[in-house]
There are 2 protein chains.
Amino acid sequence: MNTNTGPTVAVVGATGAVGSVMIDIMNQRETVPWGEIRLIASPRSAGKKITVRGVERTVVELSPEAFEGVDIAMFDVPDELSERWAPVAVDCGAIAVDNSGAFRMNPEVPLVVPEVNAAKVHERPKGIIANPNCTTLSMMTALGALHQEFGLRELVVSSYQAASGSGQEGVDRLRDEISAVAGKEVGERSGDVAEALTAAGVPEETPFKAPLALNVVPWAGSRKEDGWTSEELKVRNESRKILGLSELKVSATCVRVPVVTTHSLAVHATFENEVGVERAHQVLEAAPSIAVHDDPEQQVFPTPAEVVGQDRTYVGRVRQALDFPNTLEFFVCGDNLRKGAALNTYEIAETLAQG
Amino acid sequence: MNTNTGPTVAVVGATGAVGSVMIDIMNQRETVPWGEIRLIASPRSAGKKITVRGVERTVVELSPEAFEGVDIAMFDVPDELSERWAPVAVDCGAIAVDNSGAFRMNPEVPLVVPEVNAAKVHERPKGIIANPNCTTLSMMTALGALHQEFGLRELVVSSYQAASGSGQEGVDRLRDEISAVAGKEVGERSGDVAEALTAAGVPEETPFKAPLALNVVPWAGSRKEDGWTSEELKVRNESRKILGLSELKVSATCVRVPVVTTHSLAVHATFENEVGVERAHQVLEAAPSIAVHDDPEQQVFPTPAEVVGQDRTYVGRVRQALDFPNTLEFFVCGDNLRKGAALNTYEIAETLAQG
């Protein structure tokens, strides 16, 4: 690394939803390993001042020059911008840690969750390390810990995904819809939620394909072959790659729910070895990045509204399947903007800084 | 049956949420087979006038005399009232069709979904026929049709259950919570949904154990052994009984979502025989009580807000599992107050009236 005081880190997309959380995380850390912290964004945001760790910094425009002297560049920008600019950062000598979908399934790019496969950060022939999709990430630390103990073989998951998975646009849309239906007796007959939105002047075009207030929408991402969505295939393919289980059986159904932030998943996981709830609790509790909230007697379980803003993944409702051997059921909640995006990207960068 | 013009039917719990829907259904039917229609409710509601099929009728108080001359008594009252009064109705000569949980798993009581096992209405040594739980019912016509074609073996389901599954109290609670969070920037950090409810004066006590607005709650029903909820075990045990598959493997996770009415389920169903999406569509489309809303190209899929008030079960997102042989994934929505409760009870009574 090229400074005496520590490597230079850049946040690319510093003014976006996830970039802002990356800056929050840097501000919340007791110490950071960085010499210089550089903020990079689109020309529109260039010149903006943001205080990071007590120092006001000026956002610079995305350009080849912006990467000069950068050791680690954390990208949170749309796929096509990552595709174009991550190689530029690498050409300038940086390691790119990318949170877009552009490189995740590239065999020359490691897909890293530090708790699961930290060593992979050193195998990066392209100089790029990818950060997984937020839905996959929300369950991955829990699955990684259980896999190490029991040996994962099969996964059936249903998601309860938050609006902020569609960015600030999604959050704004959900808030507008909630305001439009509040105080009205809707949701009791077909069409009246949609009618209430129209009556309140909420535009027809929505990132969610259907009303999200007082509704759930079994569609997330784009259309892929045979009726699958991109989100469902990401859960399958990224889980396989992160866990190093190319034959892992996975079926996912991804559903958007009217929650602002924090993705939840109902997981049915079948293992090679015999499982037990008590042992699963021990394994999960031993993982620093997991919080077990699970006491059926006291009706303690995690819900997304409680978990938002937390770094840890919350696990509860752990049960041994009654009819499926070696199978655990559990419910997991993870903040999709923190561990699901900014935090994991930042932790990859920290792992790199540790050398 | 004891009249010239048709059997006498009674609605027990006529002023409740489900009883009211039973009356709606009777009003919406082109013809009804009934001679007399009698409305029975608690002393508090006795004397109330309700118009059914153009005739104003007076609600009578639940008592042994109320069942005199009744041929079919449709019950929607709490478990303990059904337990006490269904045998009274039977002693008075009626057949009791009961929508409580009191008799569902009694081996001498058939558990009936007419599309699946109508013939069972004639095997009723106790004079009682049970109506399944609303969550099970919401997927049962679809599962019954697919089972007949492919032979069901395994079921992994996650539910997205509506507030009205907890009755009018649940609906009112959700509406109060939605009003309390509307227009506020909450759901972005831990605890702030709960704080917004408190600030708005929404009482702490809730039928949902946790905030439901801008949240999902992985708990429905009461606590059973080994971390399971009553709702999850009902899905397992009732599915087995209705389908006549005592060895059916079932795992369910039941989750409450901020939807007013209509339960949805993500279903992973494994069959004895080879499956295909096209054949599944044909089988489902051939069932009069099922609507297939499934066109990924046009992003057509069912959502609960559209399905509420509909008699049919809506099925979409039908996919062949990529890694599990003979397995279909699908998303199903059913109005929990109609087919999930009042409509199925009424259809059982109609089946009986047909003799």
Side-chain angles (χ1 to χ4, degrees), chain A residues 156 158 160 175 178-179 181-183 185-191 193-194 209-211 214-219 223 226-228 236 249-251 253 255 257-261 264 266 268 277 296-297 299 301 303-310 316-324 327 329 331, chain B residues 156 158 160 175 178-179 181-183 185-191 193-194 209-211 214-219 223 226-228 236 249-251 253 255 257-261 264 266 268 277 296-297 299 301 303-310 316-324 327 329 331:
Chain A
V156 180
S158 301
Y160 301 73
R175 293 210 190 289
I178 292 283
S179 293
V181 300
E185 295 214 342
V186 295
E188 300 195 350
R189 58 182 185 79
S190 179
V193 170
K209 321 286 181 204
L214 300 177
N215 206 13
V216 304
V217 181
W219 189 277
R223 181 172 68 86
D226 298 323
W228 295 91
R236 173 175 180 255
K249 294 181 173 189
V250 185
S251 257
T253 298
V255 180
V257 295
V259 164
V260 178
T261 291
S264 307
H268 169 95
V277 172
E297 242 170 273
Q299 293 176 344
F301 44 76
T303 74
E306 294 167 296
V307 170
V308 59
Q310 307 293 315
R317 302 291 334 276
V318 183
R319 291 150 291 154
Q320 192 157 355
L322 295 167
D323 305 320
F324 296 84
T327 300
E329 311 284 333
F331 191 78
Chain B
V156 181
S158 301
Y160 302 73
R175 293 211 190 288
I178 292 284
S179 293
V181 301
E185 295 215 341
V186 295
E188 299 195 349
R189 59 181 184 80
S190 179
V193 170
K209 321 284 181 205
L214 301 178
N215 206 14
V216 304
V217 181
W219 190 276
R223 180 172 69 86
D226 299 324
W228 295 91
R236 173 176 180 252
K249 294 181 176 190
V250 185
S251 258
T253 297
V255 179
V257 295
V259 163
V260 179
T261 291
S264 306
H268 169 94
V277 171
E297 239 169 277
Q299 294 177 343
F301 45 76
T303 74
E306 292 167 297
V307 169
V308 61
Q310 308 293 318
R317 302 293 331 278
V318 183
R319 292 150 288 155
Q320 190 157 357
L322 294 167
D323 305 320
F324 296 84
T327 301
E329 311 284 333
F331 191 78

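Computed from a predicted model, the values in this text were never measured in an experiment. Here is how names work: the chains are called A, B, and so on, in the same order as the sequence lines, proteins then strands, and each is numbered from 1.
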Pairs of heavy atoms under 4.5 Å with chain A: top-ranked of [options]:
options                                : result
B:Ala194, B:Ala266, B:Gly309, B:Gly187 : B:Gly187
B:Pro304, B:Gly316, B:Ser179, B:Pro218 : B:Pro218
B:Lys209, B:Gln310, B:Glu297           : B:Glu297
B:Leu322, B:Val255, B:Thr261, B:Val308 : B:Val308

Portion of [X] that has a non-hydrogen atom of chain B nearer than 4.5 angstrom:
X        : answer
A:Glu185 : both
A:Pro258 : both
A:Val277 : neither
A:Ala321 : both

Between [X] and chain A, with a heavy-atom cut-off of 4.5 Å, which part of the residue counts as in contact: side chain, backbone, both or neither?
X        : answer
B:Val257 : side chain
B:Glu188 : both
B:Ser264 : side chain

**OP:** Find the distance between OG1 (A:Thr253) and CZ (B:Arg317) and round it off to the nearest 0.5 Å.
**Re:** 6.5 Å
Original post:
Rounded to the nearest 0.5 Å, how far does CZ of B:Arg189 lie from CD of A:Glu306?
Top reply: 14.0 Å
Shortest non-hydrogen contact from [X] to [Y]?
X        : Y        : result
B:Ser158 : A:Ser158 : OG-OG, 3.1 Å
A:Val186 : B:Val260 : O-CG2, 3.4 Å
B:Ala182 : A:Ile178 : CA-CG2, 3.8 Å
A:Ala305 : B:Asn215 : N-OD1, 2.8 Å
A:Arg223 : B:Pro296 : CD-O, 2.9 Å

Original post:
Picking from A:Thr327, A:Leu214, A:Val181, A:Val193, which has the most non-hydrogen pairs under 4.5 angstrom with chain B?
Top reply: A:Leu214
**OP:** Scan side-chain atoms only and decide if B:Arg319 and A:Ser251 contain a donor-acceptor pair under the 3.5 Å cut-off.
**Re:** no
**OP:** I would like to know whether A:Val250 and B:Asp323 meet side chain to side chain contact (heavy atoms under 4.5 Å, CB included); could you show each step before the answer?
**Re:** CA-CA 6 Å; A:Val250 185; B:Asp323 305 320; 4.2 Å; yes
